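Step one of this worksheet: look at the structure below.
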Amino acid sequence: MEIDFMDSQIKGVSTGTTILAVTFNGGVIIGSDSRASIGGYYVSSKTINKLIQVHDRIFCCIAGSLADAQAVTKAAKFQISFHSIQMESPPLVKAAASVLKELCYNNKEELQAGFITAGWDRKKGPQVYTVALGGMLLSQPFTIGGSGSTYIYGYADAKYKPDMSREECLQFATNALALAMGRDNVSGGVAHLVVITEEGVEHVVIPGDKLPKFHDE
């Protein structure tokens, strides 16, 4: 499927961002900050929700050009819903990630956006997939992305552990976002988190002044 884009050389609104997804024992947490910028220098919004629900228990989060990401996720939601109707069952997380991968690959010359897809299904339980620029698809137990991720690779590698409890995973994700938002000038606002399990979906919003602090800010 091809998507029509405007000249990719035009600098539009970017989600200059911190995004992440982490599996835990029984579910997965996907999260992001809420700041958008223009050209990476000027904050254009403090309240962007970068977590997009593509099906009941499948979410993706976006980094890069906001317009590109919105176009891709809109097309992906349509294809995933159509696939679910055809199969008469909820889509697999990998199937949803594969739809995003195909859209990114088929439009790789025009797109400036990357995605993390996370969710839960009855076949494989909680899963996390990264869809990079160009359409590469990679399955991981946890992943981080966006401009703010460069500040937290050390923290994520040191603190992540398999089979965390829900509370441990929520604290891990919150701390990671707080550290990135404290250092990256184009990450900020509030922390959006979504907890996805077999039982359903829970949205958690943490205001910027309620995030943990690790240094003088």
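All figures in this text were calculated on a predicted structure; none of them were measured in a lab.
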> What residue pairs, at least two apart or across chains, pass ring pair (Phe, Tyr, Trp, His ring centres under 6.0 Å) with a residue in residues 159-206?
Replying inline: Phe59-His203, Phe142-Tyr160, Tyr155-Phe172
>> Can you see whether Asp33 engages Thr17 through a side-chain donor-acceptor pair at a distance of less than 3.5 angstrom?
In response: yes
> What pairs of residues pass the ring pair (Phe, Tyr, Trp, His ring centres under 6.0 Å) test when at least one of them lies in residues 84-108, not counting sequence neighbours?
Replying inline: none
> From Ile29 CD1 over to Leu193 CG, what is the distance, rounded to the nearest 0.5 angstrom?
Replying inline: 6.5 Å
>> Glu198: which residues meet the side chain to side chain donor-acceptor pair (under 3.5 Å) condition with it, sequence neighbours left out?
In response: Arg122
> In chain order, what residues pass the salt bridge (charged side-chain N to carboxylate O under 4.0 Å, His left out) check against Lys161, with sequence neighbours excluded?
Replying inline: Glu168
> Does Thr117 use its side chain to pair, donor to acceptor, with the backbone of Cys60 at less than 3.5 Å?
Replying inline: no
>> Would the distance check show the side chain of Asp184 and the main-chain N or O of Gly148 forming a donor-acceptor pair, the cut-off being under 3.5 Å?
In response: yes
> Backbone N or O of Gly26 within a donor-acceptor pair of the Thr197 side chain at under 3.5 Å?
Replying inline: no
>> Name the residue from Asn106, Val99, Leu100 that meets the side chain to side chain contact (heavy atoms under 4.5 Å, CB included) definition with Glu102.
In response: Asn106
>> More than 12 heavy atoms of other residues, nucleotides or ligands under 6.0 Å from NZ of Lys108: yes or no?
In response: yes
> Does any pair with a residue in residues 87-97 pass side-chain hydrogen bond (donor to acceptor under 3.5 Å, both in side chains), and if so which ones, sequence neighbours excluded?
Replying inline: none
> In Å and rounded to the nearest 0.5 Å, what is the NZ to NE2 distance from Lys77 to His55?
Replying inline: 10.5 Å
> Okay, side chain of Arg35, backbone of Thr18: is any donor-acceptor separation there less than 3.5 Å?
Replying inline: no
> Counting N and O atoms only, with roles assigned by atom type, does the side chain of Asn107 sit under 3.5 Å from a partner on the main chain of Leu103, one being a donor and the other an acceptor?
Replying inline: yes
>> Quick one: does any side-chain atom of Ser84 pair with a main-chain N or O of Ile80 as donor and acceptor, under 3.5 Å?
In response: no
> Listed by chain and number, what are the side chain to side chain donor-acceptor pair (under 3.5 Å) partners of Thr130, not counting sequence neighbours?
Replying inline: Gln140, Thr143
> Does the Thr150 side chain pair with the main chain of Ser147, one donor and one acceptor, at a distance under 3.5 Å?
Replying inline: yes
